[in-house]
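Read the structure below first, then the notes.
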Amino acid sequence: MQSTALTAVNLRCEYRNNPLGIDSLAPRLSWELRTSRNGERQTAYQVIATSNKDGGGSVLWDSGKVLGGDAIQVAYTGKKLASSQRVFWRVRAWNKDDALGPWSKEASFELGLLSASDWGGAQWIRDPKQPPTNPYADDPLPLFGKSFVLPRAVKSARLYVTGLGYFEASVNGVNPSDATLEPGWTNYEKRVYYRTLDVTKLLKRGENALEILVANGWWNPMPLVMFGGAAFLPKTLPTGRPRCIAKLEIELSDGTKQVIITDTSWSVRDSALRFQNNYIGEVWDARELGKSTARQVALATEPVGKLECEPQPPIKVIGERTASALSEPKPGVFLLDVGVNQSGRARIKLKNTKPGQKILLRYGELLHKDGSLNPMTGVCGQIKGGNKERHSAPKDSDRPHIPAIQEDTFICAGAAEETLQTHFVFRGFRYLEVSGATEKPSVLVQSMASGVESAGEFSCSEPLLNQIQELTRRTFLSNLFSVQSDCPHREKFGYGGDIVATRDAFLYNFDMAALYAKIATDYADAARPDGSLPDTAPYVGLQYCGVGWPMALPLLQVELLRHYGDKKLIERHYATTTRWLEGTDGKKGLTDHEARVGSPEEATLPLLYAECARMAETLALTLGKRGDVARWRALAKTTTDAYQRAFPDAPPTQASLAYALEYGQLDSAAEQRTLERLLADLKAHDGHLTTGIFGTKFMFDALSRLGHADAAFTFATKKTVPSWGAMIAGGATTLWEHWNFSDNTFSHNHPMFGSISAWFFAWLGGIQPAQDAIGFDKIELRPQFVSGLNFVKASYKSLRGPIKVEWKRQAGKVALAIEIPVGCTATLHLPDGTKKTLESGKHSVTAA
């Protein structure tokens, strides 16, 4: 039998379990509470933090009994902490009867290097050689190295390290991390992330070696022609030659310390990676392993931003698939199928290779009708609708003359068996073409993504919706590579509009607390000198999409407040947000990207602008800025009133009508008229959508809120164009960028139509944070018992604990099973208009 006492579990610091490397002197702690009794709540807590594990060493913080229900975002307020300090902590809680629960299991956190002086004189180093005059020529990546001797055994060791654009460290030949494509992409003028790694077990008494391989990444991009030159990365991104910085801090068995830092005593040599570009690919020459001559490094003196602990989940391998051979269209050319479209890299195993044998890997999402590889939907720099033959490299270059087809080249060393793998690229693909092999290759494909934890699960009685959910999750993960990208091959950029359309879908499916906080910071860092915000973060030169893209910055702050109780993010970015809002009028831009029927700017964009003002009001209220609250409230009203005067009836497009219902602040009569017109338009299109990325999301929410979830279910389950079912019927295993099938221009791995997944959780399951929720403490349950479903199962793991709603039809009624975390209350809204207040615990409810 479960205890009725409150037990604290799943202790976290800055959203992570036992983080190694954080920047804050007042890190935020959170925990979940477990009990077998319904209606339980925390009335007080006590945290104890010590310098050694198991409660040993000195007490750094004893909070004493702190009255209140806070169990998330509890700031450490103990003794002042120092760089590299490790802290062990545990917590216990008192329940509503003032009964004390047991101590939790112990957790820990460790600080990084908090100031420049803590790097101990470590300097950025680079290869002194000059770059090639042709930027598309081979330019071997630098491998930096340092040998050192340890006189005694090692007690503990930490490696603080980063490189621009990507780095891969090794200690005595072993990579101490399972992360890849480090560090995360940022505006390098503002901040550069570093990783803290425990390398204790990799060091030994005697001779040791530390090596750091550095790639170009986003720091040394090729001058590709993208969007007619609008996104010319060497001009819009801070750039430079590959560089690294590191500090290895070692405590020996006798308590003495030894420190290794990057300086001019290091050497550098050419690696076997002869070329690397995020779009064009890699060239790996296995014959060159260990052959180049070492030379002394030079200092990299060009300024870059502040070094900060990596705050987001690192990019990792999240799954593996063996690619199956489909055909050998001609000798030495093999076509393989991964089974699903995804993002990642390939590891190829070859037999009986010869020295200098060249293996070419090409990637694609589709096959041509003759069964050959079709790479064109993943070509970098394509312009939607045309201009696909624009050259991205000089005519005399060996590089692709069609804009950056996904290709990687391996040059074999020659062996009975040889394994080759890409290092610093990620690809979006289902099919793989291997050319140059003398025997059928064995290919293992590693799926990769930022290591976000799964937060939500959804299933129902309609198989098509379950398939859509599976495709959506795969698409989302395929586009999490330190930014939330639009596609993992052709662009790879962090577009704000995609975030606006899908942020709640991502939040329901994955723990996005740390990654979305990082992305919000990217947007603040992307602010232009005049305070305007661009279409992407980091900024790549694109700034034409209008208010629906930069509104990602206030929206993420509001969503992270409601989902995770994050007020610190608002404190950090409020000024940037309000400066942008003061300097824009929201009148020009894209209205409903990828809509089948367009909508006028003047009937849509002002509503997004008004919503931004309402979000600014929420942010100001959170910070206690009463004067700003009134100012933003007035702006929202003025903008909405002007819209209503201009459009007493919204223009007759689904998107315009959905915009009006969602953000138009309509009175009941106007709302009813608008709803009827929307339903009539749906009927005229046989229940199909004509909307793009925003209109689709707003349609789901507006129809469900107004009691017409059945209409949303109708277009959600369509199997003809335009629909998700048509994508699946067309062979999709990830979501398309375009409602229609494209074999040449549009991506087949694009998250922006993934807003349907939020509808699964928020309306079919009914799980929603209240408008004034702080970390999901107030829950609105609005399950829609649509006529086409017999059961729904939805769960969401909030920062306070799991929220679950399951319903099924039985004996002419609907039976609900609901679970609410300790510290939360919920309001259940039933179809007959009744409401039930539910406290924490498990509940069974029957609805007519």
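As a basis for the values below, the full set of heavy atoms in this structure was taken, side chains included, without hydrogen atoms, waters or symmetry mates.
Taking the six-membered ring for Trp and the full ring otherwise, Phe753 and Trp736 have centroids separated by 6.0 Å or more.
Between Arg345 and Glu282, no side-chain nitrogen of the basic residue sits less than 4.0 Å from a carboxylate oxygen of the acidic one, so the salt-bridge criterion is not met. A salt bridge is defined here as a Lys NZ or Arg NE, NH1 or NH2 lying under 4.0 Å from an Asp or Glu carboxylate O, and Arg287 with Asp285 meets this definition. Taking 4.0 Å as the cut-off between side-chain N and carboxylate O, Arg295 and Asp127 count as a salt-bridged pair.
Within the 4.5 Å cutoff, the side chain of Leu326 has heavy atoms near those of the Tyr431 side chain. Proximity of Trp549 to Leu590: side-chain heavy atoms (C-beta onward) are separated by under 4.5 Å at one or more points. Between Leu164 and Val214 the shortest side-chain heavy-atom distance does not fall below 4.5 Å. Thr377 has its side chain out of reach of Cys487: every pair of non-hydrogen atoms, C-beta onward, lies at least 4.5 Å apart. Two residues are said to be in side-chain contact when any heavy atoms from C-beta on lie closer than 4.5 Å; Ile245 and Val192 fail this criterion. A heavy-atom distance below 4.5 Å is found between the side chains of Lys518 and Ser482. Annotation: side chain of Pro488 is in contact with side chain of Asn479 (closest heavy-atom distance under 4.5 Å). A 4.5 Å side-chain heavy-atom check between Lys129 and Asp270 finds at least one atom pair inside the cut-off.
How far OG1 of Thr322 is from CG of Asp337: 12.0 Å, rounded to the nearest 0.5 Å. The line from CZ of Arg126 to CZ of Arg243 is 8.5 Å long, rounded to the nearest 0.5 Å. We find the CD-CG distance between Glu328 and Leu335 to be 11.0 Å, quoted to the nearest 0.5 Å. Taken from OG in Ser450 to CD1 in Ile519, the straight-line distance is 8.0 Å, to the nearest 0.5 Å. Going from atom NZ of Lys354 over to atom CD of Glu418 covers 13.5 Å, rounded to the nearest 0.5 Å. Put simply, NE2 on His489 and OG on Ser478 are 8.5 Å apart, with the number rounded to the nearest 0.5 Å.
Proximity of a side-chain donor or acceptor of Trp219 to a complementary backbone N or O of Arg241 within less than 3.5 Å is detected. Here the side chain of Glu365 pairs a donor or acceptor atom with the backbone of His748 at under 3.5 angstrom. Here the side chain of Ser372 pairs no donor or acceptor atom with the backbone of His368 at under 3.5 angstrom. Listed for the Arg269 side chain is no donor-acceptor partner under 3.5 Å among the backbone atoms of Lys291. Although no hydrogens or angles enter the test, the distance criterion places a donor-acceptor pair under 3.5 Å between the side chain of Asn172 and the main chain of Ala209. Although no hydrogens or angles enter the test, the distance criterion places a donor-acceptor pair under 3.5 Å between the side chain of Thr475 and the main chain of Leu735. Side chain of Gln342 to backbone of Arg474: no donor-acceptor contact under 3.5 angstrom is found. Between the side chain of Asp535 and the backbone N or O of Gln543, at least one donor-acceptor pair lies under 3.5 Å. In this structure, Ser271 contributes its side chain and Leu273 its backbone to a donor-acceptor pair below 3.5 Å. Without hydrogens or angle criteria, Glu211 side chain to Leu143 main chain gives no donor-acceptor distance under 3.5 Å.
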Exercise. Begin with the C-alpha distance, continue with both residues' side-chain angles, and end with the deciding distance and a verdict on side chain to side chain contact (heavy atoms under 4.5 Å, CB included) for Tyr160 and Leu307.
Key: CA-CA 10 Å; Tyr160 307 94; Leu307 288 166; over 6 Å; no
Practice problem: Under the side chain to side chain contact (heavy atoms under 4.5 Å, CB included) rule, what do Ile359 and Cys412 come out as? Steps first, then yes or no, please. | Solution: CA-CA 8 Å; Ile359 306 296; Cys412 299; 3.8 Å; yes
Self-check item: Trace of the side chain to side chain contact (heavy atoms under 4.5 Å, CB included) decision for Asn220 with Thr239
Solution: CA-CA 5 Å; Asn220 187 31; Thr239 60; 5.6 Å; no
Quiz prompt | Residue pair Leu515, Gln484: steps toward the side chain to side chain contact (heavy atoms under 4.5 Å, CB included) verdict | solution = CA-CA 9 Å; Leu515 183 54; Gln484 181 183 319; over 6 Å; no
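A donor-acceptor pair shorter than 3.5 Å cannot be found between the side chains of Asn277 and Tyr136. There is no side-chain donor-acceptor pair under 3.5 Å between Glu182 and Tyr193. Looking at Lys190 and Thr521, their side chains never bring a donor and an acceptor atom within 3.5 Å of each other. In this structure, a donor-acceptor pair under 3.5 Å is present between the side chains of Thr734 and Asn341.
Ring planes of Trp218 and Phe493: tilted class, angle from 30 to 60°. Using cut-offs of 30° and 60° for the angle between ring planes, the Phe426 and Phe481 rings count as parallel.
Of the candidates Asp743, Asn744, Leu373, Leu366 forms a side chain to side chain contact (heavy atoms under 4.5 Å, CB included) with just one, namely Asp743.
Residues meeting the salt bridge (charged side-chain N to carboxylate O under 4.0 Å, His left out) test with Glu308, sequence neighbours left out: Arg191. Checked against side chain to side chain contact (heavy atoms under 4.5 Å, CB included), Asp263 has the following partners two or more places apart in sequence or in another chain: Gln123, Ile261, Ser265, Trp266. Considering only residues two or more places apart in sequence or on other chains, Ala215 meets the side chain to side chain contact (heavy atoms under 4.5 Å, CB included) condition with Leu141, Tyr166, Gln276, Phe424.
Of all heavy-atom pairs spanning Leu542 and Pro534, the tightest one is O-CB, 3.5 Å. Here the shortest heavy-atom pairing between Ala179 and Pro314 reads CB-CB, 3.5 Å. Nearest heavy-atom pair across Ala346 and Tyr363 is CB-OH, 4.3 Å.
Other residues, nucleotides and ligands contribute at most 12 non-hydrogen atoms within 6.0 Å of the NZ atom of Lys358.
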